[in-house]
Amino acid sequence: MPSEIPIQNLYFLLCYAWDRLPEAKEVDIAANDCHSLTELLAKLLANGTQRLIKRGLDRDYLPHREDTAVPRGRMDLTASFPLLAARKQRLVCEFDEFTHNTLPNRILKTTLASLHHVDGLGENTNILLLQQNELLRRIPPIRLTSRLFQRVRLHRNNRDYRFLLNICQLLHDTRLPEQKDGKTRFRDFTREPRLMPALFEAFVKNFYKREQSKYQVSAIQLEWDAHCTEGDRAILPIMRTDVSLWSPDHSIILDCKFYKEAMVGRYDPKAHSSHLYQIYSYLRNAESRQGWEKSEGILLYPANGDSFDHLFRIANHNIRVLTVDLGKPWKDIHAELLKLTV
């Protein structure tokens, strides 16, 4: 994987990838205060939860069932018969309760509690975690699973939870099995071959959406320029770009590659043949779309020691193979990415 990325740069990368750049200005995070990726995420989560509590936690009507001496809602007579037979003068009732015990709040509570047992967190971070967990003490924890995060439904009234729930899911996805000493540990997510490519791609796409106005930014689905029956066409794989930038006078198809090595071969380095075939296929099949006939192709890698920028002209298309150094100061990264679209 690419050489170590500074904590502050990872922070901006996550903010862009999750489309929550305003968090970078609202949440008080200083790179020098965080000594590890886990501490960065812990501090982001604690500070963000503190903001949510000040604004007011989300509440919702949730179904509730209980036996009570004061009937309310819908009475379940079948379940109430044993209580009546025992002369307990209670009924089983079902009703909707307006509560803070929503799924997003329970995920926050559970994740905050799991961070109490992490080695290496600074004293101030631990204190902040304890404070927020105490304020959420009446919210019951929940067993976290990958499927649970898919059940979360965010809307206009609770959209501020999105960034924090992304952090919770990232922590869940990188959590290691419980240790014998009771401590919780997490994998370095920058070394995760499944997580980082998706984050890098989302970062690049949302960066261009926010930081320039010349191009329309999307991820377009291309049709194969194939002459065949509909039945035969159905077996062709979907061809969708990572990032597409379109303007009336220029179009770019950009493919993001978060790889350990941007080149193959130690002594005679070559570009990844499959990556070149892929970008070339995108360009040729995009020719049938109006405005994309002479698109430029870009293969973008994070630098890992060596930085390069190669340009080829293949079949009337410019193709660039280059790196962006995520270890540089953020303002330099910002300038490098914008320069690609000039």
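These figures come from a predicted structure and were not determined experimentally.
- Proximity of the aromatic rings of F207 and H334 is defined here by a centroid distance below 6.0 angstrom, and this criterion is met.
- Between R320 and D309, at least one side-chain nitrogen of the basic residue sits less than 4.0 Å from a carboxylate oxygen of the acidic one, meeting the salt-bridge criterion.
- Between K214 and D249, the closest heavy-atom pair is CE-OD1, 4.0 Å.
- Residues H310 and F308 place their aromatic rings such that the two centres sit under 6.0 Å apart.
- The existence of a salt bridge linking D332 and K339 is excluded, since no basic side-chain nitrogen approaches an acidic carboxylate oxygen closer than 4.0 Å.
- Residues Q212 and T341 have side chains that never bring a donor and an acceptor to within less than 3.5 angstrom of each other.
- Side chain to side chain, H317 and Y280 fail the donor-acceptor criterion of an N or O pair below 3.5 Å.
- The pair D19-K209 does not meet the salt-bridge criterion, since no charged nitrogen lies less than 4.0 angstrom from a carboxylate oxygen.
- A271 approaches V264 most closely through the heavy-atom pair O-CG2, 4.1 Å.
- Checked by atom type and distance alone, the side chain of Y301 never pairs as donor or acceptor with a backbone atom of S307 at under 3.5 Å.
- Classification of R289 and E223 as a salt-bridged pair fails, no side-chain N sitting under 4.0 Å from a carboxylate O.
- In this structure, the side chain of R153 engages the main chain of Q150 through a donor-acceptor pair within 3.5 Å.
- Across all their heavy atoms, W246 and G291 have their closest contact at NE1-O, 3.5 Å.
- Look at D160 and R55 and you find a salt bridge, because one of the NZ, NE, NH1 or NH2 atoms lies within 4.0 Å of a carboxylate O, short of that distance.
- At distances below 3.5 Å, at least one donor-acceptor pair connects side-chain atoms of S114 with backbone N or O atoms of T111.
- Smallest separation of non-hydrogen atoms from L254 and C256: CD2-SG, 3.6 Å.
- With respect to R175 and D173, no salt bridge is recorded, no charged nitrogen being found less than 4.0 Å from a carboxylate O.
- Relative orientation of the F203 and Y16 rings is perpendicular, given thresholds of 30° and 60° on the angle between their planes.
- The distance between the ring centers of H275 and Y259 falls below 6.0 angstrom.
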Inset, instruction - May I have the step-by-step check of side chain to side chain contact (heavy atoms under 4.5 Å, CB included) for C168 and F149, ending in yes or no? - result: CA-CA 9 Å; C168 291; F149 288 95; 3.9 Å; yes

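- Here CG of D225 is found 9.0 Å from CE of M239. Values are rounded to the nearest 0.5 Å.
- L144 and I107 make their closest contact through CD2-CG1, 4.0 Å (heavy atoms, listed as atom of the first residue, atom of the second, distance).
- With no hydrogens or angles considered, no side-chain donor-acceptor pair links K109 and Q132 at under 3.5 Å.
- Classification of R137 and E134 as a salt-bridged pair holds, one side-chain N sitting under 4.0 Å from a carboxylate O.
- Taking the six-membered ring for Trp and the full ring otherwise, Y11 and W18 have centroids separated by 6.0 Å or more.
- One finds a salt bridge joining R191 and D188 here, because a Lys/Arg side-chain nitrogen approaches an Asp/Glu carboxylate oxygen to under 4.0 Å.
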